[in-house]
Protein chains: 2
Amino acid sequence: MYVRCFKCPLRVQRAFTPKTEEEVAVIDRLKSDHLRIPAGSDFINPEQADAELYTVFSGWAFRFKELDDGRRQILNFALPGDLIGLQASLLDKSLYGAVALTDVELCVIPRRKLYSLFKSAPEVAYDVTWLGSQEHAIVDDNLLTAGRRNAAERICALIAALYRRAETLDMVSNGVLDFPLTQQHIADALGLSLVHTNKTIARLKAQGLFSLSDGKLSLVNPRAVGRLAQHFEKDPAPRPIL
Amino acid sequence: MYVRCFKCPLRVQRAFTPKTEEEVAVIDRLKSDHLRIPAGSDFINPEQADAELYTVFSGWAFRFKELDDGRRQILNFALPGDLIGLQASLLDKSLYGAVALTDVELCVIPRRKLYSLFKSAPEVAYDVTWLGSQEHAIVDDNLLTAGRRNAAERICALIAALYRRAETLDMVSNGVLDFPLTQQHIADALGLSLVHTNKTIARLKAQGLFSLSDGKLSLVNPRAVGRLAQHFEKDPAPRPIL
DNA sequence: CGCACTCTTGAAATCAGTCAATCCTTGTGG
DNA sequence: CCACAAGGATTGACTGATTTCAAGAGTGCG
C-alpha cells in the first residue's frame, strides 16, 4: 500500500499549504519508501549514523533522549505532516531516538538526496528548513515547560498544545481526541515522576479541567486549561508539508 | 568598523569549514549590517514580527522565553559563529527574545533575502539549515538537562558544554575561560532557583570540580565534571559559518 | 556616601520523588 | 471457564530536593 504523493490524502487537508503539481512531483521522486511501524518500536536509534528523514503520514511518534541510568526525556511529539530526523540527517549522527507511539506510517526521504534537493528544488528545501524551525519552536516551548512550570501547569500545557495541534488536523471529533499517551509518556515528556504525574492529573480531572480515560481526551474547561498553561497560540497558519 | 566577509577574522578559525571565494562573496552581499550591541540589551523581542537573522561575530548572547509572571527560561547560549533568529525569520513572528550577554557584534542577514537565497545560493542555504539543526540539537540537550538531571548534574552539564564550545573557538587560554554568566543566568538556563544554584555551585567548587570567580572559569577536575554531566561529545567537527 | 548588582547564608515551607502495595483490564495458556 | 502474567492506573506514607523568604556582605560606580 504505497502512497504516491500526488494521491496523498494528507496534503490536501486544510492544515497544509497547497503545492504546485511540479513541487508534488519533486517530492514524489524524493520519497523512497512508505513504512509501517508498529506501536512501540523505534525507527531512529540514538547514535544511529545513517538515519533517514521521515514525514509522519499517519499516527503519533515522538523523539527522546536518555541518560546512562535510563532516565528518559521525551523531546517532542510528532503528528501527521510533521518531519522527524532532519537533525539526524544533517548532522551525520542521531543524537536522539524516535519511537512510534501508535502504529505509524512514515514517508521516507533518503538523507543522501537532501543536499541535491537544495540545488534542484529550492522551494522544497525552504519548506524543509521551515519545518525544522517549526519543530525547533516546539522544543523551545517544551524547555520552557520543563524548566519553569509546575506540575499542574506542565500537564495543562502539554494537553493544550497537543489538543490544539490535533484539532487543526481534524483529529478531534465532538470535542473528543484519541489520546495515545500513557501517564509514563506524559511524565517523560514533562520531566516529572510517574507517581506525581498521576496524582496531579487526578487533581486536575477532579477540578473539572479535562477528562482523560481509555485514551480519550476532552477539555471540559478549555478556558481554565488554557489559563493554567498560559497557552497563547492563536490558530496556527497553514504550513508546508513534504 | 564594518567588517567585510572576505576579511572576516572569524571564518578562518579552525572551528569553521573554509568556504570558496564565491560563497564568501554571496555571504558578503547578503550581509546588510554589522551591529554592536552593549551587554544586557536585547536585539530580538518576544513577539517581534520582523526579526532579522544574525550571526554572532563576537561576544556571547542568549535566547530566552518567559511566562506572564516573569519566570524566565534561557533556551540556549550563542557564541561567535552561531546563528540567532532563524525561527523568528522563517516563522514571521519571534516566539522568544534574544539578549546580548556581553558586548556583542552581530552580522545582520535581512530576513527578506532568505527565500531568494535558497534559489540563488543553495550551498549557503544548506549551511543555514545545518546551523539551525545544530542549535536545535543544543536545545534538545538543554531539555534533557532541565527535565531529567538534578541540580549538580545540570550545572556540570552547562559548564562542560560551554567550556567545550569555547575551547574550539580558542577562547580558553591556560585552562581559563572568561565566563560572563551570572548565577542568575545559570539558574535561568537550568530551571533552578537562584539560591539553590548558588549553594550547589558552592558545593561543587568545594569538591574541587571547577573554579569560578570574577568571571573566570576553569575545570579543576574535568573528568569529574564530565562524569557528573554525562557529557559524551567528542571533538566537534568543523562547522559551516555564514 | 548611597545605590545597584551580585554573591552568600540560614531557616522554614512545599513541591516532587521514591518506595511499596493494590486494583483493573486485557490477553494467554491450560 | 479459570489461573496467571503484564501493563497501566492509583494510592498512602515517607523522604528529600528545591523553592521561598529574609537578611547580610562585597564590589563598583555616580
Side-chain angles (χ1 to χ4, degrees), chain A residues 38-41 60 67 69-74 99-102 145-159 178-207 210-217 228, chain B residues 38-41 67 69-74 99-103 145-159 178-207 210-217 228:
Chain A
S41 57
W60 298 53
L67 297 173
D69 54 9
R71 284 176 286 178
R72 180 175 78 160
Q73 178 66 38
I74 290 179
V99 178
L101 183 58
T102 63
T145 294
R148 289 296 163 206
R149 291 193 235 244
N150 64 32
E153 293 169 335
R154 292 185 205 193
I155 288 166
C156 287
L158 177 66
I159 281 180
D178 275 300
F179 194 77
L181 315 211
T182 66
Q183 294 189 348
Q184 184 67 64
H185 291 121
I186 297 175
D188 285 351
L190 297 177
L192 295 170
S193 71
L194 175 60
V195 173
H196 195 54
T197 299
N198 177 284
K199 288 176 179 167
T200 307
I201 287 177
R203 184 160 47 80
L204 294 172
K205 290 201 285 195
Q207 290 171 354
F210 57 82
S211 73
L212 173 57
S213 59
D214 299 319
K216 306 285 183 190
L217 168 69
L228 249 188
Chain B
S41 57
L67 298 173
D69 54 11
R71 283 175 287 178
R72 181 175 79 160
Q73 177 66 38
I74 290 179
V99 177
L101 183 57
T102 64
D103 288 347
T145 294
R148 290 294 162 212
R149 294 195 232 243
N150 64 31
E153 293 168 336
R154 291 184 205 193
I155 287 167
C156 288
L158 178 66
I159 281 180
D178 275 300
F179 193 76
L181 314 211
T182 66
Q183 294 189 350
Q184 184 68 65
H185 291 122
I186 298 175
D188 285 351
L190 298 177
L192 296 171
S193 70
L194 174 61
V195 172
H196 195 53
T197 300
N198 178 283
K199 288 176 179 168
T200 307
I201 288 177
R203 183 160 48 80
L204 294 173
K205 289 202 285 194
Q207 291 172 352
F210 57 84
S211 74
L212 173 56
S213 57
D214 299 318
K216 307 283 183 192
L217 168 69
L228 249 188

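The shown structure was predicted, so the numbers you read here are calculated from the model rather than taken from an experiment. In what follows, chains are A, B, ... by sequence order, proteins preceding strands, each numbered from 1.
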At what distance, to the nearest 0.5 angstrom, does [atom1] of [X] lie from [atom2] of [Y]?
X: A/Leu192; Y: A/Thr197; atom1: CG; atom2: OG1; value: 4.5 Å
X: B/Leu190; Y: B/Thr200; atom1: CG; atom2: OG1; value: 10.0 Å
X: B/Ile201; Y: B/Ile159; atom1: CD1; atom2: CD1; value: 6.0 Å
X: B/Gln183; Y: B/Ser193; atom1: CD; atom2: OG; value: 11.0 Å

Tabulate atom names and distances for all N/O pairs under 3.5 angstrom spanning the protein and nucleotides 27-29 of chain D.
none

Under a 4.5 Å cut-off applied to non-hydrogen side-chain atoms, are [X] and [Y] in contact?
X: A/Asp178; Y: A/Lys216; result: yes
X: B/Leu204; Y: B/Leu228; result: yes
X: A/Leu158; Y: A/Arg154; result: no

When the distance from [atom1] of [X] to [atom2] of [N] is rounded to whole Å, what number comes out?
X: A/Ile201; N: D/dT10; atom1: CD1; atom2: P; result: 8 Å
X: A/Glu153; N: C/dA16; atom1: CD; atom2: C1'; result: 14 Å
X: A/Asp188; N: C/dA16; atom1: CG; atom2: P; result: 17 Å
X: B/Gln183; N: C/dT8; atom1: CD; atom2: C1'; result: 8 Å
X: B/Asp214; N: C/dC5; atom1: CG; atom2: C1'; result: 15 Å
X: B/Leu181; N: C/dC5; atom1: CG; atom2: C1'; result: 16 Å

Problem - Presence of A/Gln184 side-chain N/O under 4.0 Å of D/dG7 phosphate oxygens OP1/OP2 - result: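 For D/dG7, OP1/OP2 do not have a side-chain N/O of A/Gln184 under 4.0 Å.
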Practice task
Tell me whether the OP1 or OP2 atom of C/dT8 has a side-chain N or O from B/Asn198 closer than 4.0 Å.
Solution key: yes
Problem - Crowding at CG, A/Asp214 (>12 non-hydrogen neighbours, <6.0 Å) - result: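 No.
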Handout entry: Contact summary for B/Arg72 and A/Arg148, nearest pair of heavy atoms
Key =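 So the two residues come closest at O-NE, 2.9 Å.
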Under 3.5 Å between N/O atoms: give me all the protein pairs with nucleotides 15-25 of chain D, atom names plus distance.
{"unit_1": "D/dT18", "atom_1": "OP1", "unit_2": "B/Ala151", "atom_2": "N", "d": "3.3"}
{"unit_1": "D/dT18", "atom_1": "OP2", "unit_2": "B/His196", "atom_2": "NE2", "d": "3.1"}
{"unit_1": "D/dT18", "atom_1": "O5'", "unit_2": "B/His196", "atom_2": "NE2", "d": "3.4"}
{"unit_1": "D/dT19", "atom_1": "OP1", "unit_2": "B/Ser193", "atom_2": "N", "d": "3.2"}
{"unit_1": "D/dT19", "atom_1": "OP2", "unit_2": "B/Ser193", "atom_2": "N", "d": "2.9"}
{"unit_1": "D/dT19", "atom_1": "OP2", "unit_2": "B/Ser193", "atom_2": "OG", "d": "2.9"}

